[in-house]
Every structure is written in structure tokens, then in C-alpha cells.
Amino acid sequence: MKKKNKYTDFLNIGLKLLKWYDLNARDLPWRKTKNPYHIWVCEIVLQQTRVEQGKNHYLNFVERFPTVESLSSAEIDEVLLYWKGLGYYSRAINLHKAAQQVMEDFGGTFPDSFSEILKLKGVGKYTAAAVSSICFEEKVPAIDGNFYRVLSRVFADDFDVSSPKAYAYFYELALLIMPEENPGNFNQAIMDLGSEICKPKNPQCEICPIQENCLAYETGKVLEFPVKSKKVKAVDLKLHYYYIMYEDKFLIKQRDDSFIWKKLYDFPESISQELENFVVEEKTVYHKLTHKNLEISISKVILQDKTSFEKYAQKHQLQITDYENSHQKSFPKPLENYLKKTFEN
DNA sequence: AACGCGGGGAC
DNA sequence: GTCCCAGCGTT
């Protein structure tokens, strides 16, 4: 009997993954629902974010905003409060805008196809594919980091995944192995395989359901894939803040939606001459972001006079708050840490 | 095509 | 320290 070429038996790979998923799917909260609004929120939360990091944020978010209508009518500050600590804050801003988009452009009904979902702010091809396949059984591969890794290994393909053309390229590869039925499960199977088995480091090839279909495994080159050319360089950046206080109150402002920490709250970044004499100390904290090394110096300014404190706030359009109240706002991580340290002494 | 955008976990 | 994560928007 002639042996079938295992590397060209593409569809079999997809079927194996579906079978594997049936038995090994992770038990995750969003897998109990096909509510497109919830799946959408989940997908946005999990962009560039590990499941363990995003899980609680997802649960809290859909508990507070259970429907697209409830999200659309919320204040952006509260939406950001529920996003606190997740990073990439434009995701929350776009999520909020897109909820209003659903109310206005889609009559309050969440769109039910890839091309319509794609119109939502903050939704790209990956997210539109994930939601439409999971909730509406649309056969479209959700090409994310897991997909790049799994496919480039299975086919031992050195196509540069950091190239803008990678999406289209791997999309075609994905269609080769994607079964007609259960596209949502297929996409989630790739995600689970990528995060549990076909990991960037320490891949668990011994227990991989498609080990015998994997060209990289057979040639002992699993760790050579995926190929990624783009290099990220961290830049050093200095920020200076003024922590202006009177008794237990202090002054904050809201950031704009450019640069880092969009729409989050922080402290004034400058002071007028008259306050220079009231600076009592300066602390420096360091904070590492993915592409930035931040050096943040914070000068403490203590005012003794209530009236001048309030007048200063009004003149420079700063909000007066206290520690208790500041919990209703979303602050960047390093500033949250600073506040915590300041008030827990 | 290249870059900006957070925070955290694994190694 | 490095890499990467259920990516997207802007230029």
C-alpha cells in the first residue's frame, strides 16, 4: 500500500486539532457563552495580553457592563477604571467608542459577520475573525501570534512573521488545514495549542497531537520558527511630576489621548514660579515598559494655605482629590505605586 | 512599511 | 537582561 504523503494531508491536521480540542480545551470563562458582545470584549482584553493576566479584568468588565448598551452609556473614566493595569489603554477608549457605534450604526444589535464586525473601532482582522467564527460559525481563520508560530513550525516556513505581508501569507496556509465545520473551535484549538503545547520556549512536542505532521519537529528545528526580523529597541525617557498637596488632598489632571497612558490621570508636569519655594523633596522611581525605560522624578510640594491651594487648582485646571477618591480614577502603574507608598506610611 | 502603545510572566 | 502575549491605529 502506498503511503500517503503526511505533509500534504493538510485537512487531516485541522481535523486532528478539532478532536484534540474536544478533549483538551482549557476551561475559560468566555467559553461558556456565544454572546458576541462578551466574546468581543474578551478578544479586546486579550490582545497582546496573556490569559492569566486578562481573565479577571474580563470577568469584572462584563459584570459591570453586561450589555453593549450599558457600555455605550458609561462614562469613559469608569470604563478606564475597569481597564486599570491592563495597558494599551486605547483599547478601552476604542471599545467604548465601538459600543456607541453598535448603538448608532447597528441599531443596538451586535454585527454578525466578519466584514461588519471589522467596521468597529479597535477591531482588526484578527478580532473580527475570532468573533465571527466563534459566535457565527463563519469560516475565517483568526491569525494571531499563536497561528504564526504553529503554522510556521508545521510547515517549517521561514516567512518573516513581522512582515506586513505575513497576515495574508499565513491566511492562505491556514485555509489549507481549516475544516469546513466548527471554525470557531478550530481557531480556539490553535490558540490552546499555541499557548499550552506549541510554546515559544519549551514546546511540549512529546504530547503534541500533530507532532507527526510537523516538519520543524521532524527536522529538529522547532525553535528556529517562527522567523521574526523586527527588533525592538527600548528608549530612555524622563518624566517629571509635581505632587502638590495640602493636608490630605493633592492635585491631578487627565492625560490627553496621545503618547502613553491615554486618558489616564496623573500629576501636573510643571509648576508656576510661585510654588518653587514649597518643594520639599524629590523622589525618583524607575519603570520599565516594553519599549521604554522610564525615569520618573516626583517633586513633592506642600502648601499650607487652603485658599491658595484651591486657587492654584482652579487657575491651572487641576482636580483636587484625596487618596480615597483617587481609587475612582485610573492612574499609570508607577504613579499608583507612588500613591500607595505615600499613603500607607 | 514602520512605529507607538503597557504590563506582566517565563526563562 | 530578552522575548512574547487571543493586535490595532496612525503616518
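Computed over heavy atoms, backbone and side chain alike; hydrogens, waters and symmetry mates excluded. Proteins come first, then strands; the chains are lettered A, B, ... in the order of their sequence lines, and each starts at number 1.
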Asker: Think K292(A) has a side-chain N or O under 4.0 angstrom from the OP1 or OP2 of dC5(B)?
Answerer: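 Answer yes for this pair, as a side-chain N or O of K292(A) is under 4.0 Å from OP1 or OP2.
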Asker: Nearest to the side chain of L289(A), heavy atoms from C-beta on, is which of dC5(B), dA6(C), dG6(B)?
Answerer: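 Shortest atom-to-atom distance from the side chain points to dG6(B).
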Asker: Establish, with yes or no, whether the OP1 or OP2 oxygen of dG7(B) is under 4.0 angstrom from a side-chain nitrogen or oxygen of K84(A).
Answerer: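 The answer is no; no side-chain N or O of K84(A) sits under 4.0 Å from OP1 or OP2.
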Asker: Under 3.5 Å, is there any donor-acceptor pair linking the side chain of T290(A) to the base of dG7(B)?
Answerer: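 Looking at the base of dG7(B), it does pair with a donor or acceptor on the side chain of T290(A) (distance under 3.5 Å).
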Asker: So if I take every side-chain heavy atom of E43(A) and compare against dC5(B), dG6(B), dA6(C), which nucleotide ends up nearest?
Answerer: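 The nucleotide sitting nearest to the side chain is dA6(C).
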Asker: Using the C1' atoms only, state how far dG9(B) lies from dC8(C), rounded to an integer number of Å.
Answerer: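 Taking atom C1' in both dC8(C) and dG9(B), they lie 23 Å apart.
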Asker: Tell me which nucleotide among dG7(C), dA6(C), dC3(B) gets nearest to the side chain of K233(A).
Answerer: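 Output: dC3(B).
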Asker: Side-chain N or O of Y89(A) less than 4.0 angstrom from OP1 or OP2 on dG7(B)?
Answerer: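 So the side chain of Y89(A) is within the cut-off, an N or O lying under 4.0 Å from OP1 or OP2 of dG7(B).
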Asker: Please confirm whether the shortest side-chain N or O distance from R149(A) to OP1 or OP2 of dC5(C) is below 4.0 Å.
Answerer: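 Yes, such a contact exists.
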Asker: Closest approach to the side chain of R50(A), judged atom by atom: which nucleotide of dG7(C), dG9(C), dG8(B) is it?
Answerer: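 Nearest nucleotide to the side chain: dG8(B).
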Asker: So F250(A) and F343(A), would you call those rings parallel, tilted or perpendicular, with 30° and 60° as cut-offs?
Answerer: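 Judged by the thresholds at 30° and 60°, the geometry between F250(A) and F343(A) is tilted.
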Asker: To the side chain of K165(A), which of dG9(C), dA1(B), dC3(C) is closest?
Answerer: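 Closest nucleotide among those given: dA1(B).
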Asker: Give the nucleotide from the list dT10(C), dG7(C), dC5(C) with an atom nearest to the side chain of Q47(A).
Answerer: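 Of dT10(C), dG7(C), dC5(C), dG7(C) is nearest to the side chain of Q47(A).
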Asker: Can you check whether any acceptor in the base of dG6(B) is under 3.5 Å from a donor in the side chain of T49(A), or vice versa?
Answerer: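 Result: at least one qualifying N/O pair found.
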Asker: Measure centre to centre between the rings of F159(A) and Y169(A), then say whether the value is under 6.0 Å.
Answerer: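 Close enough - the centres of the two rings lie under 6.0 Å apart.
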Asker: Base, sugar-phosphate alone, or nothing: which one does N202(A) contact when heavy atoms must sit under 4.0 Å apart?
Answerer: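 If one applies the 4.0 Å heavy-atom cut-off, N202(A) turns out to touch the sugar-phosphate alone, with no base involved.
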Asker: Using 4.0 Å as the upper bound for N to carboxylate O, is an ion pair formed by E269(A) and K253(A)?
Answerer: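 Here K253(A) pairs with E269(A) in a salt bridge, since their nearest N and O are under 4.0 Å apart.
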Asker: In terms of side-chain heavy atoms of H287(A), which of dG7(B), dG6(B), dA6(C) is nearest?
Answerer: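 So the side chain of H287(A) is nearest to dG7(B).
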Asker: Apply side chain to side chain donor-acceptor pair (under 3.5 Å) to Y286(A) and N293(A), showing your working.
Answerer: CA-CA 7 Å; Y286(A) 297 90; N293(A) 299 317; over 6 Å; no
Asker: dC8(C), OP1 or OP2 - any side-chain N/O from T127(A) closer than 4.0 Å?
Answerer: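 Checking T127(A) against dC8(C): at least one side-chain N or O falls below 4.0 Å of OP1 or OP2.
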Asker: Among dC5(C), dA6(C), dC5(B), find the nucleotide with the atom closest to the side chain of I260(A).
Answerer: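 In terms of side-chain proximity for I260(A), the closest of dC5(C), dA6(C), dC5(B) is dC5(B).
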Asker: Using only side-chain N and O atoms of K288(A), determine if any of them is under 4.0 Å from OP1 or OP2 of dG1(C).
Answerer: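 Yes, within the criterion.
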Asker: Tell me whether the side-chain N/O atoms of K55(A) come closer than 4.0 Å to OP1 or OP2 in dA6(C).
Answerer: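 For K55(A), the contact criterion (side-chain N or O under 4.0 Å from OP1 or OP2 of dA6(C)) is not met.
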Asker: If you check the Q188(A) side chain, which of dA6(C), dC5(B), dC11(B) turns out closest?
Answerer: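 Minimum distance to the Q188(A) side chain belongs to dA6(C).
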Asker: With sugar-phosphate meaning primed atoms plus P, OP1 and OP2, does W40(A) contact a base, only sugar-phosphate, or nothing at under 4.0 Å between heavy atoms?
Answerer: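 Answer is nothing: W40(A) stays at 4.0 Å or more from every strand.
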Asker: Look at the side chain of Q53(A) against the base of dG8(B) and say whether a donor-acceptor pair falls under 3.5 Å; ignore hydrogens and angles.
Answerer: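 Check fails, no donor-acceptor contact within cut-off.
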Asker: Return the 5'-most residue of the pair G122(A), R31(A) with respect to DNA chain C, ranking by each residue's nearest nucleotide.
Answerer: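 Taking each residue's closest nucleotide, the earlier one in sequence belongs to R31(A).
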Asker: Where each residue is assigned the nucleotide of DNA chain B containing its nearest heavy atom, which of P164(A) and G87(A) is assigned the position nearer the 5′ end?
Answerer: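 Per heavy-atom nearest nucleotide, the more 5' residue is P164(A).
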Asker: Does W83(A) have a side-chain nitrogen or oxygen under 4.0 Å from the phosphate oxygens OP1 or OP2 of dG6(B)?
Answerer: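 For dG6(B), neither OP1 nor OP2 has a side-chain N or O of W83(A) closer than 4.0 Å.
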Asker: Which value, in whole Å, describes the distance between the P atoms of nucleotides dA6(C) and dC5(B)?
Answerer: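 About 23 Å, rounded to a whole number of Å.
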Asker: Respond yes when some side-chain nitrogen or oxygen of Q48(A) is under 4.0 Å from OP1 or OP2 of dG7(C), and no when none is.
Answerer: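 Result: yes.
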Asker: When you measure from the side chain of N94(A), which nucleotide among dG7(B), dG9(C), dC4(C) comes out closest?
Answerer: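 Nearest to the side chain of N94(A) among the choices is dG9(C).
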Asker: Considering every strand and a 4.0 Å limit on heavy-atom distances, what is the contact class for I44(A): base, sugar-phosphate, or nothing?
Answerer: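 Result for I44(A) = nothing.
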Asker: On the 0 to 90° scale, with breaks at 30° and 60°, tag the Y243(A)-F267(A) ring pair as parallel, tilted or perpendicular.
Answerer: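 Judged by the thresholds at 30° and 60°, the geometry between Y243(A) and F267(A) is perpendicular.
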Asker: For D9(A), is there an ion pair with K16(A) - N to carboxylate O distance below 4.0 angstrom?
Answerer: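 Looking at K16(A) and D9(A), the cut-off is not met.
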Asker: Provide the distance between the two P atoms, one in dG9(C) and one in dG8(B), to the nearest whole Å.
Answerer: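 That atom pair is separated by 24 Å.
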Asker: If you count every heavy atom of other residues, nucleotides or ligands that lies below 6.0 Å from F278(A) atom CZ, does the total exceed 12?
Answerer: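 Not more than 12 within 6.0 Å, no.
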